[in-house]
Protein chains: 2
Amino acid sequence: MGLAKTEMFTDEQNQISLFAKVFGHPARVAILQHLFKIESCVCGDLVNEIGLAQPTISQHLKELKHLGLIKGNVEGTSVCYCVHAENWKAMKSVMNEFLNQDLEEKSNCC
Amino acid sequence: MGLAKTEMFTDEQNQISLFAKVFGHPARVAILQHLFKIESCVCGDLVNEIGLAQPTISQHLKELKHLGLIKGNVEGTSVCYCVHAENWKAMKSVMNEFLNQDLEEKSNCC
DNA sequence: AATATTAATCGTAATATTGCAATGAAATAA
DNA sequence: TTATTTCATTGCAATATTACGATTAATATT
C-alpha cells in the first residue's frame, strides 16, 4: 500500500508530518531561505537562483502556498511570493513543541 | 526523474531536508513522541501502540536510527529504543536555525 | 534439543513524489 | 493586433516511499 491512514494518528501528529514533509525537499528549503534572505517579495528569479526548471519551481511554490507558508501576489506578468508571517509563526510553534520535547535524565537506559 | 541531485543545494539545505523528511510521516512522529513520553527505552510495544504491522514499525525505526535520532539496545529477545539525546539536540539546533529565521518588517510587500 | 518470542530482512504491490517538455493563460509591449 | 514575457497546468517517465506477508536470525524458555 501507500500511505498510512490519517485516522490512525492524532491531529497533531498529522500536522507535524505535513509541515515536515514540505521541508523534506532541499529545493523548498532553498526557496524559503531565499524568500527570507531577500527580506521582500521574490518573483521569477527563483528559477535562476535555484537550478531547476520553471515548472518544477512552480510546483514547489504551489505546495508551499497550499500549506499556507507563503503567499503570492500577481504584479503584471510576474508573481511576487512572500513568506506568510502569521502562518509561519503558527507552524513554528507546532514544530517547536515537537522538537523541544525534553528527555528526562532519570530513565535514560540506552 | 526522481530526486534532485544534492550537489545543487548547500550542505545545510540538504541536512535540513533530510531531518524534515524523517519527520514527514506521522508514524515516525508518533514513535518519537512515544519514546519521549515514556522517558525511557521502549521495546516491542510500539507495534501495539501504533496501529501498524511489525515490519512497518521496524522499517520506520531503522530510518530514525539511520539518521542517528534514536539508538537501539538489544536486551534478550527484545530491543530497547531511546532517543539519542546529543544527536537530537544537534538536529534541533539545525532545525531551529531554519525555523526561527525572522522576516524584516521593512519590506513586506505581499 | 525443541519450542516460543522478538525483531530484522526480503520481496513485492500500491501509491506518492519529483522533474521537465509541451502547452496554456494572462498581462504587457511593440 | 501581434509578439513577448512570466508563470501555471498538463501529461508523462523515473524514482522513492509505504505497508505487509513470509521468512530469517537471535535469544530465551521448556
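Just so it is clear, the values below take in all heavy atoms, side chains as well, and ignore hydrogens, waters and symmetry mates. The chains referred to below are lettered A, B, ... by the order of the sequence lines, with proteins before strands, and numbering in each begins at 1.
- Closest to the side chain of A:Pro55, from the set C:dC20, D:dC7, C:dA7, is C:dC20.
- The base of D:dA8 has none of its N or O atoms less than 3.5 Å from a complementary donor or acceptor on the side chain of A:Gln59.
- Here C:dA7 presents its P atom at 19 Å from NZ of B:Lys71, a figure rounded to the nearest Å.
- Looking only at distances, a side-chain donor or acceptor of B:Asn87 sits under 3.5 Å from a matching main-chain atom of B:Gly68.
- The base-pairing partner of C:dA14, taking Watson-Crick or G-U wobble contacts with both distances under 3.5 Å, is D:dT17.
- Straight-line distance from the CD atom of B:Glu75 to the P atom of D:dA28: 11 Å, rounded to whole Å.
- Between the C1' atom of C:dC20 and the CD1 atom of A:Ile50 lies a distance of 16 Å, rounded to the nearest Å.
- Counting only heavy atoms from C-beta on, A:Glu63 has its side chain closest to C:dT18 among D:dC7, C:dA27, C:dT18.
- Heavy-atom distances to DNA chain D give each of B:Val74 and A:Lys65 a nearest nucleotide, and the one nearer the 5′ end belongs to A:Lys65.
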Verdict with reasoning, A:Ile70 to A:Ile31, per side chain to side chain contact (heavy atoms under 4.5 Å, CB included): CA-CA 10 Å; A:Ile70 64 174; A:Ile31 287 172; 5.6 Å; no
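- Within the structure, every side-chain polar atom (N or O) of B:Lys21 is placed at least 4.0 Å from both OP1 and OP2 of C:dT17.
- Distance alone, capped at 3.5 Å, is enough to place a donor-acceptor pair between the B:Arg28 side chain and the B:Val22 backbone.
- Comparing B:Arg28 and A:Ser58 along DNA chain D, the residue whose closest nucleotide (by nearest heavy atom) sits nearer the 5' end is A:Ser58.
- Taking atom CG of A:Asn73 as the reference point, atom P of C:dA27 lies 14 Å away to the nearest angstrom.
- For A:Ala53, taking side-chain heavy atoms from C-beta onward, the closest of the listed nucleotides C:dA7, D:dA8, C:dC20 is C:dC20.
- Side-chain nitrogen and oxygen atoms of A:Thr56 include none within less than 4.0 Å of the OP1 or OP2 phosphate oxygen of C:dT18.
- Phosphate contact (OP1/OP2 of C:dG19, side-chain N/O of A:His25, threshold under 4.0 Å): present.
- Rounded to an integer number of Å, the gap from B:Leu46 CG to C:dA7 P is 9 Å.
- Both A:Gly76 and A:Gln54 lie near DNA chain C, and the one whose nearest nucleotide falls closer to the 5' end is A:Gln54.
- Considering only side-chain atoms of A:Thr77, the nucleotide from D:dT27, C:dT28, D:dC20 that sits closest is C:dT28.
- Atom pair B:Asp45:CG and C:dT6:P shows a separation of 11 Å (rounding to whole Å applied).
- Here D:dC7 presents its P atom at 16 Å from CG of A:Leu64, a figure rounded to the nearest Å.
- Checked against side-chain contact (heavy atoms from CB on, under 4.5 Å), B:Ser58 has the following partners two or more places apart in sequence or in another chain: B:Gln54.
- The two atoms that bring A:Gly72 and A:Lys65 nearest to each other are N-CD, 4.1 Å, heavy atoms only.
- Contact between the side-chain N/O atoms of A:His60 and the OP1/OP2 oxygens of C:dT17 is not found at any separation under 4.0 Å.
- Remark: P of D:dT18 and CE of A:Met8 are 13 Å apart, rounded to the nearest angstrom.
- The environment of B:Asp11 atom CG is sparse: at most 12 non-hydrogen atoms of other residues, nucleotides or ligands sit within 6.0 angstrom.
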